[in-house]
Amino acid sequence: MIIAQISDTHLALDAPDADRRIQDFESTIADINALEPAPDVIVHTGDIVHHGRRDEYARALAILAKARAPVHVLAGNKDNRSTLREAFSGCGYFEPSSDFLDYAIEDHPVRLIALDTLSSRSNKGDFCPERVRRLIRLIDAETTKPIAVFTHHPPFEVTVGPDRLHFETSEAMAELRRALQHSGRVVAVFSGHVHRAAAGHVGSIPATVMPSVATTLRRGEYPAQMMRRPIYQVHRFDPAWRVASETRIVETAPSSASTCDDARPRAEAVQSVSCS
Ligand SMILES: [Fe+2]
């Protein structure tokens, strides 16, 4: 079971670096398509777009439509729940009766659970009692397989300037940690949001954060030759050694330069995104 994780593409069609963000996203998907062996699934851990606009999601869908593996997405704090839900409605993994964009994917030897950690009050994460109940229900729906959990906000301490916590309250983070540990079957947590690489634990569960795919928004120190090369993660699961993660540094330039002019919605591409 191989998962390619991408995060924080922040497509913004009118930003000064709009072309670059598109190129970073496109070249990352092209690199994932060339992986051997191919990944079973691609998970985008949020901040797909920067303003939550329909035209931004249409551009993101057109890029994701080129992915050979099924694509699953999470909402980040820069996403808009309702516009994202509308854009990815064809994938069918969002529950129509809930505002929250959380779900489980059952098609693989490792279950994938995507969480909604958005707050209506700030860019930080939140995890209210209703989401705790929903997470426990998702975990308990199957009792034999290991589970990989994906969140936008990292549910462990990652030092960024003076800030170590990326949830609004330590209580919300503690509730999420307790829920993640309650079954003993969650074997890894993968997150985004802070735009830099980090590793830690959520209780006893290993957890990592990956840098932003958008190279202009990436945080941390990188050699000059890496400045224009997007980074993503490949997570390999095996029953014997659980999870091993590899950082991929995208080597090739995109096949064609994109401009804001070709960033218009492409309905046919939107319909061909593979979600399962
Ligand atoms: Fe972000």
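The first residue of the sequence shown is numbered 1, and numbering continues consecutively from there.
More than 12 heavy atoms of other residues, nucleotides or ligands shown are found within 6.0 angstrom of CG on Asp140. In this structure, Arg228 places its CZ atom where only 12 or fewer heavy-atom neighbours from other residues, nucleotides or ligands lie under 6.0 Å away.
Under a 4.0 Å N-O distance rule, the pair Glu130/Arg133 qualifies as a salt bridge. Salt bridge annotation for Asp99-Arg81: absent, with no cationic side-chain nitrogen under 4.0 angstrom from a carboxylate oxygen. Between Asp102 and Arg134 a salt bridge is recorded (basic side-chain N to carboxylate O distance below 4.0 Å). Ionic pairing of Glu26 and Arg21 is not present here: no N-O contact between side-chain nitrogen and carboxylate oxygen is shorter than 4.0 angstrom.
Considering every non-hydrogen atom in both Pro155 and Ser191, the closest pair reads CD-OG, 3.5 Å. Smallest separation of non-hydrogen atoms from His153 and His166: CD2-O, 3.5 Å.
Defined by atom type and a distance below 3.5 Å, a donor-acceptor pair is missing between the side-chain atoms of Thr208 and Gln233. Counted by atom type alone, Glu157 and Thr159 present zero donor-acceptor pairs between their side chains at under 3.5 Å. Remark: the Ser245 side chain and the His235 side chain contain an N/O donor-acceptor pair separated by less than 3.5 Å. His193 and Asp8 share no side-chain donor-acceptor pair at under 3.5 Å.
Ring centroids of His72 and Tyr93 are separated by less than 6.0 Å, placing the two rings close together. His195 and His10 have their aromatic ring centers within a separation under 6.0 angstrom. The aromatic ring centroids of Phe94 and Phe88 lie 6.0 Å or more from each other.
A donor-acceptor contact shorter than 3.5 Å links the side chain of Arg68 to the backbone of Asn33. For Glu86 (side chain) and Ser82 (main-chain N/O), no donor-acceptor pair under 3.5 Å exists by modelled atom type. Under a 3.5 Å cut-off, the side chain of Glu56 and the backbone N or O of Arg53 do form a donor-acceptor pair. Looking at Ser27, its side chain does come within 3.5 Å of a backbone N or O of Asp24 through a donor-acceptor pair. In this structure a side-chain-to-backbone donor-acceptor pair under 3.5 Å is missing from Arg177 to Gly203. A donor-acceptor pair under 3.5 Å is absent between the side-chain atoms of Asp17 and the main chain of Arg20, judged by distance alone. At least one donor-acceptor pair closer than 3.5 Å links the side chain of Lys124 to the backbone N or O of Leu165.
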side-chain contact (heavy atoms from CB on, under 4.5 Å), that's the test. Do Phe127 and Asp116 meet it? Break it down for me. CA-CA 8 Å; Phe127 213 68; Asp116 180 333; over 6 Å; no
List the steps, then state whether side-chain contact (heavy atoms from CB on, under 4.5 Å) holds for Val73 with Tyr57. CA-CA 12 Å; Val73 300; Tyr57 284 114; over 6 Å; no
